[in-house]
Amino acid sequence: MPRLNLVQLTLIAAQNIQTADDVRRDPAVIKAAKQFAADSVQTFRSGSALAREARSSWLRHSPLTKGTGTGE
C-alpha cells in the first residue's frame with residue numbers, strides 16, 4: 001500500500017488555499033459577486049410584488065369574496 005507523502009499533501013493544500021484567495025480577490029469575481037447580490041435583492045422585490053399581485057387578483061376573482069358565492 002503506498003504511503004501518504006504529508007509534505008506533498010501540505011504543499012498542495014497550501015497552493016489551493018492561495019489559489020482560492022487569488023480568485024476571491026480577482027476584480028472580475030468581486031464585480032460579479034456584487035452584481036449577483038444586487039440581482040438577488042431585485043429578484044426578491046419582484047417576487048414579493050408578484051405574490052402581492054397574485055393574492056390581490058385571487059381576492060378579486062374568488063367567488064367567496066364577492067358576497068353571494070354565485071360568481072357575480
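Since the model is a prediction, treat every value here as computed from it, not as a measurement. Values reported hereafter were calculated over all heavy atoms of this structure, with side chains retained and with hydrogens, waters and symmetry mates removed. We're numbering straight along the sequence, starting at 1.
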Residues 27-41 side chain polar contacts: donor-acceptor under 3.5 Å, at least two apart:
from, atom 1, to, atom 2, distance (Å)
Q35, NE2, D39, OD1, 2.8
S40, OG, F36, O, 2.8

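- Scanning for side chain to side chain contact (heavy atoms under 4.5 Å, CB included) contacts around R52 gives S48, A49, with sequence neighbours left out.
- Residue pairs meeting the salt bridge (Lys or Arg N to Asp or Glu O under 4.0 Å) criterion with at least one partner in residues 7-18, sequence neighbours excluded, are absent.
- Other members of the cluster containing L6 are L4, L9, with ILVMFWY side chains joined at under 4.5 Å, either directly or via other members.
- Evaluation of the side chain to side chain contact (heavy atoms under 4.5 Å, CB included) rule for N16 yields I12 as partners, not counting sequence neighbours.
- How far CG of N5 is from CG of L11: 9.5 Å, rounded to the nearest 0.5 Å.
- Every residue two or more places apart in sequence or in another chain that forms a side chain to side chain contact (heavy atoms under 4.5 Å, CB included) with S57 is listed here: R60, H61.
- Atom-to-atom distance recorded for I17:CD1 and D22:CG is 12.0 Å, nearest 0.5 angstrom.
- Remark: Q8 engages no residue in a side-chain hydrogen bond (donor to acceptor under 3.5 Å, both in side chains) (not counting sequence neighbours).
- For R24, the side-chain hydrogen bond (donor to acceptor under 3.5 Å, both in side chains) partners are D21, not counting sequence neighbours.
- Judged as a side-chain hydrogen bond (donor to acceptor under 3.5 Å, both in side chains), and not counting sequence neighbours, the contacts of S46 are Q42.
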